[in-house]
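Heads up: the structure comes next, in structure tokens.
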Amino acid sequence: MNEQQLVNLVEKIRGSSGCIVDLDGLIGRFENHVKHPENSRLIFESDSGRLLPAEEVVRNAVPKKTD
């Protein structure tokens with residue numbers, strides 16, 4: 001998944017009011033693509049105590065590629 005797709009996925013997870021199985025599947029998909037040790041925690045909370053924008057969640061969770 002590219003960065004924008006991950007941002008869209010975070011937004012979908014946050015906006016989901018469906019059943020827990022669907023939400024769990026979305027979170028699992030995020031976790032499969034983001035190997036940060038606290039990947040799913042970043043979606044719902046942060047060290048600052050404020051909810052991070054989806055773009056910032058992805059920036060914090062996905063390491064920058066170096067050339």
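- Within the 3.5 Å criterion, the main-chain N or O of Ile43 finds a donor-acceptor partner in the side chain of Arg14.
- Of all non-hydrogen atoms in Asn60 and Leu52, the two that sit nearest each other are ND2-CD1, 3.5 Å.
- With hydrogens and angles ignored, the 3.5 Å screen pairs a side-chain donor or acceptor of Gln5 with a backbone N or O of Asn2.
- At a threshold of 4.0 Å, the pair Glu55-Arg59 does not count as salt-bridged, since none of the basic side-chain nitrogens sits closer than that to a carboxylate oxygen.
- Atom OG of residue Ser48 and atom CD of residue Glu56 lie 7.5 Å apart, to the nearest 0.5 angstrom.
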Point to revise | Criterion side-chain contact (heavy atoms from CB on, under 4.5 Å) on Phe30 and Val57, from CA distance to verdict | key: CA-CA 11 Å; Phe30 183 79; Val57 169; 4.2 Å; yes
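- Residues Val34 and Asn39 come closest through the heavy atom pair O-ND2, 2.7 Å.
- With contacts defined as side-chain heavy-atom distances shorter than 4.5 Å, the pair Gln4/Leu9 does not qualify.
- In this structure, Leu42 and His36 have side chains that are in contact, with non-hydrogen atoms separated by less than 4.5 Å.
- Using a 4.5 Å cut-off between side-chain heavy atoms of Ile, Leu, Val, Met, Phe, Trp and Tyr, with links allowed through other members, Val10 and Leu23 fall into the same hydrophobic cluster.
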Point to revise | Test log, rule side-chain contact (heavy atoms from CB on, under 4.5 Å), inputs Leu6 and His33 | key: CA-CA 8 Å; Leu6 289 170; His33 286 88; 4.0 Å; yes
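- Interatomic distance, Glu38 CD to Ser46 OG, rounded to the nearest 0.5 Å: 11.0 Å.
- For the atom pair CD1 of Ile27 and CG of Asn32, the computed distance is 12.0 Å after rounding to the nearest 0.5 Å.
- Under a 4.0 Å N-O distance rule, the pair Arg41/Glu31 does not qualify as a salt bridge.
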